[in-house]
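Take a look at the structure set out below.
Labels below follow one simple rule: chain letters A, B, ... track the order of the sequence lines, proteins then strands, and each chain is numbered from 1.
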There are 2 protein chains.
Amino acid sequence: MTSPTIYDVARSAGVATSTVSRAFSNPQRVSAGTRERVLRVAHELGYEPNPHARALTSRRTQTLAMVVSDITNPHFFEIIRGAELRAKSSAFTLVLVNAEESPRIEWEQISRLMRSVDGFLLAASRLPDESLGQLAASHSVVLLNRQAAGIPSVVLDQREGCRQLVAHLASLGHSKLVCLSGPRNSWTSANRWTAIRDAAEELGLTVTRMGPYTPTVSHGGAAADAALTTGATAFIAHNDLLAIGVLRRLAARGVRVPGDVSVSGFDDIFAADLCTPSLTTLGGVHADLGRAAVELLLEAAGAPNRTGAAAQQLVLPSRLVLRNSTGASTR
Amino acid sequence: MTSPTIYDVARSAGVATSTVSRAFSNPQRVSAGTRERVLRVAHELGYEPNPHARALTSRRTQTLAMVVSDITNPHFFEIIRGAELRAKSSAFTLVLVNAEESPRIEWEQISRLMRSVDGFLLAASRLPDESLGQLAASHSVVLLNRQAAGIPSVVLDQREGCRQLVAHLASLGHSKLVCLSGPRNSWTSANRWTAIRDAAEELGLTVTRMGPYTPTVSHGGAAADAALTTGATAFIAHNDLLAIGVLRRLAARGVRVPGDVSVSGFDDIFAADLCTPSLTTLGGVHADLGRAAVELLLEAAGAPNRTGAAAQQLVLPSRLVLRNSTGASTR
DNA sequence: ATGAAAGCGCTAACAC
DNA sequence: GTGTTAGCGCTTTCAT
């Protein structure tokens, strides 16, 4: 009841095992006739190559690992979907692991998988640059929504997107903004902050930064309370989840949105369109992010020792989605 | 630059390779002293076991595959999260694959992974019972939100949940219901329908079934239109996504919810609490579903030839969440 | 173009 | 408790 091996196929087809092997992994090195016969026999016998035996010698596993900072965040699901689809279309399997917002767990997960995958897709990694560099030195790595020198990456443009967002708020008459930041070691959070600060400066607005806040709905309450003390009229939350939490607290406290204050988020998750008021947010096509990242990773994994080629740093366009949580300033 | 193997460790520690192997995979069969020394040396050398070599001989991969019918559906997020967490806590890796609502793709994905995983978690499988039986005959399988004879499964209780839902609607004065069903080969959909029909009969209500509908927001429009033609005052949608689509169409057509008709969904996804009106829905603790399923799978994978033991069919409690989309009937 | 044979790194009898 | 050894199923030189 054990499954057939190349030996069985080789015997039945009257060829050597190496020929069977070639027929599967290097078809062009086998004459059309034998190849066809081998494949036919293999099919009849129900032969399927054993991926582990294959990996053991070839050191290629046809598997990619995707590490996400927090699997609970709906924003990742589109990315995961895009990545999974792209991986599948190249007959690659995607392993999904959760870092639970902890750099330690992230590193453990990575270590555990080092030998079993052809490359890593690190989404919103919380690892320090040095760790990333270290990993990238020995493995194929692509960063997602994070950049680091010498490592290929795909990010959604924040600079221009944040500029548009701030300009939007400015045009509504807001002159005092507050930025409710995300996790301390989030590259995206830092990146957004500098983009917002620069844009505000350029447009002559003031903006203060508060946080870090864990970007979940439940932490929005504290963020809202803190933001209210600043006297700002526009709150820029680190992401939609936090923004929705802010919205809730404001509603509970009788602060009207966008009557009294405006609120915006990032990511454009599904729920942003459903909450009340619906949320103005800076999003993008996340499935494309996942797809592009896998594409880069496949490239990198294909030519492991590309010491020369500069690491590609892809920047995909973001998209400002205006909804009902932002409006004219009343002050 | 090639990584160290048990041979290197064995040589450095002055023991046989088998001792090193045991120290890692069967610690209690090695004396405390040697074990400690071996592990220390291994650590110094930076040795990490090669999972493929391990899998090749032991036939165990420490990997589980989770196949979801549609990765886009937010309802799976929590399940995936629970499953991933539980798998990790037993040092198992979770491979996530998407069946894209297609039985053919589902089977392809499964076939591709047969050799590389210790078991399958099939979430809302669209495969016919025979295929499931065939797979279960040779591999460890646990079904999630689906039942089939002889295969362990975890489902959210629908029978009692649907009864409560229908009773809720009856108590609001609704006597004519319509059920907007999900995909044709969805076990859950069929199961809900019989539960709803039986409950309606028991309570003296009439209920008609429409569909199948693809359970996404965008298909809610057609479902709403069809439901309106029936004259029913309460619409039971196959899931929250479809229900939200129904809500949108009704709002667009000026039908008031719950003033004119009541609407309910299933799953209690995050968005159900955010839409307007917020959605009455039958949910449950989905993370528990994922957790329990992995637990069952780990058990099954541990004792592969448990021909005797009856397949466990776990039924976890569902939870009726009353929100603002259901109200008194005006007819 | 095809075959023979030596591993890849580990586990699992089986000895001692 | 520990060592010896024969594979697991495949890829990959090296011959032919």
Taking 4.0 Å as the cut-off, does a side-chain nitrogen or oxygen of [X] come that near to OP1 or OP2 on [N]?
X       : N      : result
B:Thr19 : D:dG3  : yes
A:Ser25 : D:dT11 : yes
A:Arg29 : C:dA1  : no

Classify [X] by what it touches in the nucleic acid, base, sugar-phosphate, or nothing, heavy-atom distance under 4.0 Å.
X        : value
A:Phe24  : nothing
B:Val15  : sugar-phosphate
A:Ser21  : base
A:Tyr47  : sugar-phosphate
A:Arg35  : nothing
A:Thr5   : sugar-phosphate
B:Arg115 : nothing

Heavy-atom closest pair, residues A:Arg126 and A:Ser69: NH2-OG, 3.8 Å
Report yes or no: is there a donor-acceptor pair, N or O only, under 3.5 Å between the side chain of [X] and the base of [N]?
X       : N     : result
B:Ser18 : D:dG3 : yes
B:Arg22 : D:dG3 : yes
A:Tyr7  : D:dC8 : no

Could you tell me the separation between the [atom1] atom of [X] and the [atom2] atom of [N], rounded to a whole number of Å?
X       : N      : atom1 : atom2 : result
B:Glu36 : D:dG1  : CD    : P     : 16 Å
B:Gln28 : D:dG1  : CD    : P     : 10 Å
B:Leu56 : C:dC10 : CG    : P     : 12 Å
B:Glu48 : C:dC10 : CD    : P     : 10 Å

Closest-nucleotide mapping onto DNA chain D: is A:Arg54 or B:Val30 further toward the 5' terminus? I mean the 5' end. B:Val30
Of the candidates C:dT2, D:dT4, D:dC10, the side chain of A:Asn50 sits closest to D:dC10
Counting only side-chain heavy atoms from C-beta out, which of C:dG3, D:dG1, D:dC10 sits nearest to B:Ser31?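 Per side-chain heavy atoms of B:Ser31, the pick is D:dG1.
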Any Lys/Arg nitrogen of B:Lys88 or B:Glu84 sitting under 4.0 Å from an Asp/Glu carboxylate oxygen of the other? no
Within a 6.0 Å radius of atom CZ on A:Arg29, are there more than 12 heavy atoms belonging to other residues, nucleotides or ligands? no
Please identify which of these residues, A:Glu106, A:Glu100, A:Glu108, meets the side chain to side chain donor-acceptor pair (under 3.5 Å) condition with A:Arg104. A:Glu108
Are the side chain of B:Asn98 and the backbone N or O of B:Ile71 linked by a donor-acceptor pair below 3.5 Å? yes
